[in-house]
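Source: prediction; values computed, not measured.
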Amino acid sequence: MTEAEIARALTPILNEVSERASVAGSFIDKEAYRIYLATVWANIVMDPSALGVDEDELESVHDLINLSAQQVLGEDEAIAGCFRFINSRTGELAMDKAKVSKTHRQLLLYFSSMILDPDGHRRWMEDVKERRRNPRRGT
């Protein structure tokens with residue numbers, strides 16, 4: 001897929017994110033926007049084919065989402081910033097306010113772990129796998 005084709009596929013999704021986070025006209029609830037954008041990114045990463053892209057095109061998707069989000073959030077690393085927000089106390093309160101389900105919250109926190117601390121996440125996943133292989137370990 002070309003960048004123009006990816007942009008065409010993303011435009012309605014990003015418009016929907018902005019629309020859902022709008023509180024009045026052009027005013028956007030940035031907390032809601034961050035939750036929606038983090039959710040969109042997590043879903044695209046889990047199933048790139050749903051957007052019509054291959055895994056090797058995720059970097060282009062990331063860059064296009066980041067550019068769009070920078071216009072709303074004013075952050076250089078908008079997607080990473082969304083996950084920093086999700087991982088914060090303010091993010092927890094915003095997810096409570098938005099009535100984010102337990103499963104949805106776990107998904108966002110899982111992706112936060114991967115994005116914000118990839119080495120720690122890798123160690124944590126290795127520990128989880130080890131506990132599954134050897135359930136008596138650590139008890």
Side-chain angles (χ1 to χ4, degrees):
M1 219 178 205
T2 66
E3 279 200 26
E5 291 169 325
I6 294 171
R8 273 193 299 279
L10 279 174
T11 297
I13 296 166
L14 296 174
N15 288 344
E16 181 75 16
V17 166
S18 292
E19 187 177 307
R20 285 181 183 253
S22 292
V23 289
S26 63
F27 293 103
I28 293 181
D29 177 339
K30 290 184 179 181
E31 291 181 350
Y33 183 89
R34 285 181 173 103
I35 293 169
Y36 290 133
L37 195 69
T39 301
V40 166
W41 178 244
N43 279 284
I44 290 171
V45 169
M46 288 189 317
D47 185 11
S49 66
L51 184 63
V53 297
D54 296 324
E55 195 172 308
D56 62 338
E57 295 170 312
L58 285 176
E59 187 173 342
S60 293
V61 174
H62 179 276
D63 292 346
L64 289 167
I65 291 174
N66 236 12
L67 284 173
S68 178
Q70 286 170 358
Q71 295 171 355
V72 174
L73 301 172
E75 299 173 3
D76 288 337
E77 298 177 3
I79 294 174
C82 290
F83 285 101
R84 276 191 291 280
F85 169 76
I86 294 293
N87 206 40
S88 71
R89 178 69 181 138
T90 307
E92 286 180 40
L93 295 172
M95 288 189 289
D96 289 344
K97 180 181 168 186
K99 296 182 180 9
V100 172
S101 73
K102 182 180 177 183
T103 304
H104 186 179
R105 183 182 300 248
Q106 288 173 335
L107 170 75
L108 294 176
L109 291 171
Y110 179 82
F111 269 81
S112 292
S113 170
M114 279 193 305
I115 290 168
L116 302 177
D117 184 13
D119 293 333
H121 178 77
R122 199 173 298 108
R123 286 190 303 273
W124 174 68
M125 287 305 299
E126 288 169 5
D127 189 48
V128 167
K129 288 176 188 175
E130 179 60 30
R131 280 191 236 165
R132 286 185 181 153
R133 285 190 295 262
N134 186 2
R136 293 195 182 268
R137 181 178 174 247
T139 59

query: Passes side-chain contact (heavy atoms from CB on, under 4.5 Å), E59 versus D63? Steps please.
result: CA-CA 6 Å; E59 187 173 342; D63 292 346; 4.2 Å; yes
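- Here the options are I86, I35, D96, the test is side chain to side chain contact (heavy atoms under 4.5 Å, CB included), and the partner is R105; only D96 passes.
- Closest of all the heavy-atom pairs between L116 and A80 is CD2-O, 3.9 Å.
- The shortest heavy-atom contact between F85 and T90 is CE1-CG2, 3.7 Å.
- Note: R8 CZ to T11 OG1 = 9.0 Å, rounded to the nearest 0.5 Å.
- Here D29 does not pair with R34 in a salt bridge; the nearest charged N to carboxylate O distance is not below 4.0 Å.
- Heavy-atom minimum distance, M1 versus E57: N-OE2, 2.5 Å.
- Note: the hydrophobic cluster containing L93 does not contain L109 (ILVMFWY, side chain heavy atoms under 4.5 Å, direct or indirect links).
- The one candidate from L73, L108, I115 that meets the side chain to side chain contact (heavy atoms under 4.5 Å, CB included) condition with C82 is L73.
- For the atom pair CD (Q106) and OG (S112), the distance works out to 12.5 Å, reported to the nearest 0.5 Å.
- Rounding to the nearest 0.5 Å gives a distance of 6.0 Å between NZ of K97 and CD of E31.
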- prompt: Run the side-chain contact (heavy atoms from CB on, under 4.5 Å) check on E55 and L58 step by step: do they pass?
  reply: CA-CA 5 Å; E55 195 172 308; L58 285 176; 4.0 Å; yes
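- Here the shortest heavy-atom pairing between A78 and Q70 reads CB-N, 4.0 Å.
- Put simply, CG on L37 and CD1 on I79 are 6.0 Å apart, with the number rounded to the nearest 0.5 Å.
- Exactly one residue among V17, I13, L14 makes a side chain to side chain contact (heavy atoms under 4.5 Å, CB included) with Y36. That residue is V17.
- Between atom CG of residue L67 and atom CD of residue Q71 there is a gap of 7.5 Å, rounded to the nearest 0.5 Å.
- How far OG1 of T2 is from CD1 of I6: 7.0 Å, rounded to the nearest 0.5 Å.
- Here the closest non-hydrogen pair linking A7 and L64 is N-CD1, 3.9 Å.
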Listed pairs under 3.5 Å, donor-acceptor, residues 42-54 side chains, sequence neighbours left out:
from, atom 1, to, atom 2, distance (Å)
N43, ND2, T39, O, 2.8
D47, OD1, S49, N, 3.4
D47, OD1, S49, OG, 2.6

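- The two residues S18 and Y33 come nearest to each other via the heavy atoms OG-CE1, 3.7 Å.
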